[in-house]
Amino acid sequence: MTSRRKLIAGNWKMNASLAGNEDLLRGLIAGLNALKAEVGQEALPEILVCPPAPYWSQVGALLESSGIVQGAQDVSEHPKGAYTSELSVSMLQDFKLEHVILGHSECRRDQFQTDNLITRKVATVFQAGLIPVVCVGETQQEREQGQTQAVIKRQVLSALSLLPMDFDRVVMAYEPVWAIGTGLTATPPMAQEVHSLIRGLLASRTHHAHALRILYGGSMNASNAQTLLAQPDIDGGLIGSAALSSSDFLSIISAAVARNP
Ligand code: PGA
């Protein structure tokens, strides 16, 4: 059996404000402290929030000594230069951010990010000593046409292709595109099947596959988190809408505590 510590990550997307962030994080930290008193620090999952970049400074200060860390929603493949609107890994490092979501389906769709670009971003982040959180997932049409396995295989193997063999620092996230923000969720067995496929693909590139976390994302919420997190290869969640309410996010965190031995 494995002892992977669960990871609950909130992807705030383009949702934030100075006042709203403060409310959300104060509620979250208070709830987390209460939970910690009840179950003990050891039983808590790791917790990550990914706010929009203009709030890194504010969120960093609010999270000080909370045990919650913040990460980025994307990063440039380039170290610096004439790339208007982009953010570099050194900027993330200035704000002590370690995790970077890459290949989110909204970036693939809205910014036309290709598998090749995502592969280069994953390599850039890894080489900088940071932790890529690599998102993969099939569309509704791809699932209906029976292409889920092929799409996941292509996306995962491409994303990992520039990493050295035996890498031990990556988080994967399976996010079926049809489940993101729609209220539809993959059933736990459906998600487990893809997570197990991803674990096998990781194992073809690294001996550390058993120790790496694979998150599920796509309408994970207080009522479905428990059963999803009970699956053997689901090691946490990448949460969108439910990460914007401290009570909803805390319920998912509690569900992750319950799964820890
Ligand atoms: P959702 O988003 O929880 O709102 O479906 C998940 C994600 O896009 O990471």
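We count ligands from 1, going down the list as the structure has it; atoms in each ligand are counted the same way. Everything numeric in this text was worked out from a predicted model, so none of it was measured.
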- Under the side chain to side chain donor-acceptor pair (under 3.5 Å) rule, collect the residues that match up with Asp115, sequence neighbours excluded. Arg108, Arg154

- Query: Are Glu138 and Trp178 close enough that a side-chain donor and a side-chain acceptor fall under 3.5 Å?
  - Reply: yes

- Task: Check each protein residue for a heavy atom under 4.0 Å from ligand 1 and list those that pass, ordered by chain and number.
- Result: Asn11, Lys13, His104, Glu175, Ala179, Ile180, Gly181, Gly218, Ser219, Leu238, Ile239, Gly240, Ser241

- Message: Counting only heavy atoms from other residues, nucleotides and ligands, does the tally under 6.0 Å from NZ of Lys13 exceed 12?
- Response: yes

- For Glu77, look at atom CD and say whether over 12 heavy atoms of other residues, nucleotides or ligands are found less than 6.0 Å away. yes

- Query: Can you name the side chain to side chain donor-acceptor pair (under 3.5 Å) partners of Glu144, sequence neighbours left out?
  - Reply: Gln140

- Task: With sequence neighbours excluded, tell me which residues meet ring pair (Phe, Tyr, Trp, His ring centres under 6.0 Å) with Tyr174.
- Result: His195

